[in-house]
Amino acid sequence: MALEIFDSKTGTLREFRPADPEIVRMYVCGPTVYTDAHIGHARSYVSFDVMRRYLELRGHRVRMVINITDLDDVIDQKAARLGEKPEVLAARYGERFLEDLRTLNVRPSYANPRVSENVPAMIGIIEKLNEEGYVYEVDGNHYFRTTLLGGYGQLTHERPEDLLADEPIMEGRENPFDFLIWKKSKEGMVSWDSSLGAGRPGWHIQCYGIMRGVLGDSIDIHGGGEDLKFPHHESNILISLAHKGKDAIGYHVHNGFMTRGKEKMSKSLGNFVPLRDVFERFGGSVVRFYLLRSHYRETIDYDEDDIEKAQQDLDLILGFEKDLKEVEKDGKPRGFVEEEIARHRKTFMDSMDNDFDTPGAITALLDFAGCAKTSPDDLRTTEARLALGVLSEADSVLGLTGAD
RNA sequence: GCCGAGGUGACAGAGCGGCCAAUGUGACCGCCUGCAGAGCGGUUUUGUGGGGGUUCGACUCCCUCCCUCGGCACCA
């Protein structure tokens, strides 16, 4: 069976075929680091980590990049409020974010580039776009001209006019979809020199610039939360069309949201759950397992009772593994036959092939553990070893152990 | 309004046309135990949002309606 991935752009499952069979390139939009991550962030990075791990189990080499957005107005604002330098504040939260990823047992990325470290590459792209007429200035700020290309709305599957709010925000722009690509420098802002004057790159070009700079001209998977589809990823596609004449993304993948009391977690509603609060009660492995009990595109309504259930399921699987290790050593009967082992492995892999269906994959493991208890056959050492091999594969994908 | 994703037992969550509506949790009953827990064995909930259609046969495909969540310019 072949791996199929749901591509947001086509809205369909598509068989996964990387541009370069040797190396799969993944780029996941990282957080803006002005505060600590919440459970929703964890969900996103765990989801993409599992994809990466599964691709690796299938024999691919994967270059996964999660960027860190350390240049942004909200960072500046918070830093000003605290009376510290924006770059210091961003560095601190950036480090804390990477710590959180480790706690969640997210495999180390190929790179975690900061926006601030990649500005020269972005300036190069912006200047080129400017020369080619894609950029115009309004009051010192520079905007990307979206109307030249058409094709806006590819990800959202909407006509641009339907995307408009009641009162389009113009701010002197030619078109409401045009976006800030170069923000002019002002007091307290970290800035760079360019042919467009002193300033810094806008959000959309930041991601695009890093992606191209670190991974090259062809990215297999571009991921992020579903809220990033519009306008962020939509704008990224436009930049790519202007810059290279095509959208260089193979598969646009978006994870679903965390809600709390059925409402989206957000700062304004005050219902977000800081990840570090969760870690006080539950280990990283458990939180991770909890998130993976739902498919990555489903909405998860945050519920600590469910985390406790996840803990129980996880204990069941880990207990099974422990039993197997004992059997492997002393041959105590406990068992099933080889066909059972192969069957459960197949279910696991088939589930993962189905757009990374981790709930199905986890079920296969629970079923595996259950059948081992009730089967009348004696388990031989060789079978224990086989079964442990399957669990080990599963663990390499789900990352059940090794965190905390 | 436009676009997207969904609606399966108490909860989570599979099923991709017949092989079981899976699996785990919960609850209940036993065994075990000085008690409890763990473990083991067993039992359990009028469960597939409504209505049409296709089919010998639909949770599974098609149409339609209802409902939920999300996006519509800060957002993972």
Side-chain angles (χ1 to χ4, degrees), chain A residues 4 6 8 11 13 28-32 34-35 37-48 66-67 69 72-74 77 97 146 152-153 155-171 173 175-180 203-204 223-235 254-259 261-268 272 275 290 292-301 303 305-317 319 323 344 347 350-351 354-355 357-371 373-374:
Chain A
E4 293 188 317
F6 187 87
S8 302
L13 286 172
V28 181
C29 283
T32 301
Y34 65 102
T35 184
H38 57 68
I39 186 80
H41 294 102
R43 214 272 247 234
S44 186
Y45 305 115
V46 166
S47 298
F48 289 103
I66 302 175
N67 75 295
T69 302
D72 192 277
D73 288 352
V74 288
Q77 286 158 14
F97 169 66
T146 52
Y152 204 85
L155 265 185
T156 35
H157 307 292
E158 285 199 83
R159 296 173 305 174
E161 52 268 38
D162 288 333
L163 277 166
L164 284 175
D166 297 338
E167 294 288 327
I169 302 163
M170 296 303 285
E171 292 168 353
R173 281 178 276 181
N175 182 288
F177 298 111
D178 293 352
F179 53 85
L180 189 68
W203 183 32
H204 307 317
E226 64 177 344
D227 55 339
L228 257 33
K229 274 187 203 169
F230 178 85
H232 189 49
H233 292 165
E234 197 75 56
S235 299
H254 294 93
N255 66 273
F257 263 80
M258 298 289 300
T259 58
K262 305 286 184 191
E263 281 186 294
K264 180 186 170 181
M265 281 191 193
S266 74
K267 304 275 182 205
S268 54
F272 62 94
L275 197 46
Y290 159 67
L292 294 178
R293 282 181 9 129
S294 297
H295 183 84
Y296 76 90
R297 283 192 285 124
E298 291 283 338
T299 302
I300 298 180
D301 194 44
D303 185 344
D305 289 348
D306 288 338
I307 305 184
E308 284 170 14
K309 282 188 215 160
Q311 172 87 66
Q312 290 176 351
D313 280 355
L314 182 57
D315 288 347
L316 200 79
I317 293 168
D323 288 351
H344 285 98
T347 306
D350 286 352
S351 296
N354 180 20
D355 195 26
D357 178 10
T358 52
I362 286 170
T363 295
L365 297 183
L366 291 171
D367 197 28
F368 192 19
C371 99
K373 282 173 184 166
T374 55

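FYI, side chains are in, hydrogens and waters are out, and symmetry mates aren't considered; it's all heavy atoms of this structure. Chain identifiers are assigned alphabetically (A, B, ...) following the order of the sequence lines, protein sequences preceding nucleic acid strands; residue numbering begins at 1 within each chain.
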**Message:** On RNA chain B, does the nearest nucleotide to F6(A) precede the nearest nucleotide to S44(A) from the 5' side, or the other way round? Give the residue.
**Reply:** F6(A)
**Asked** What does E158(A) touch in the nucleic acid at a heavy-atom separation under 4.0 angstrom: a base, only the sugar-phosphate, or nothing?
**Response** base
**Message:** Taking any heavy-atom pair under 4.0 Å as a contact, classify S8(A): base, sugar-phosphate, or nothing.
**Reply:** nothing
**Request:** Classify the side-chain pair T32(A)/D72(A) by whether it contains a donor and acceptor separated by less than 3.5 Å.
**Result:** no
**Message:** Need one value for H232(A): base, sugar-phosphate or nothing, where a base atom within 4.0 Å counts as base even if backbone is also close, heavy atoms only.
**Reply:** nothing
**Request:** Tell me which nucleotide among C2(B), G70(B), G71(B) gets nearest to the side chain of D227(A).
**Result:** G71(B)
**Message:** The side chain of L316(A) is closest to which nucleotide in this list: A76(B), U23(B), U25(B)?
**Reply:** U25(B)
**Request:** If a protein heavy atom is under 4.0 Å from the base, mark B; if only from the sugar-phosphate, S; if neither, -; do that for nucleotides 16-21 of chain B going 5' to 3'.
**Result:** B-----
**Any side-chain heavy-atom pair of L155(A) and F230(A) under 4.5 Å** = no
**Message:** Please enumerate all residues that pass side chain to side chain donor-acceptor pair (under 3.5 Å) together with S294(A), with sequence neighbours excluded.
**Reply:** none
**Request:** Quick one: look up who C56(B) pairs with, Watson-Crick or G-U, both distances under 3.5 Å, and put none if it's unpaired.
**Result:** G18(B)
**Asked** Side chains of H233(A) and H254(A): donor-acceptor distance under 3.5 Å anywhere?
**Response** yes
**Listed nucleotide nearest any side-chain atom of H157(A), set C3(B), G70(B), C11(B)** = C3(B)
**Prompt:** Taking the side chain of K309(A) as its heavy atoms from C-beta onward, which of A76(B), C11(B), G4(B) lies nearest to it?
**Reply:** C11(B)
**Request:** Determine the contact category for G360(A): base if any of its heavy atoms lies under 4.0 Å from a base atom, sugar-phosphate if only primed atoms, P, OP1 or OP2 are that close, otherwise nothing.
**Result:** nothing
**Request:** Indicate, with a heavy-atom threshold strictly under 4.0 Å, whether Y45(A) touches base, sugar-phosphate, or nothing.
**Result:** sugar-phosphate
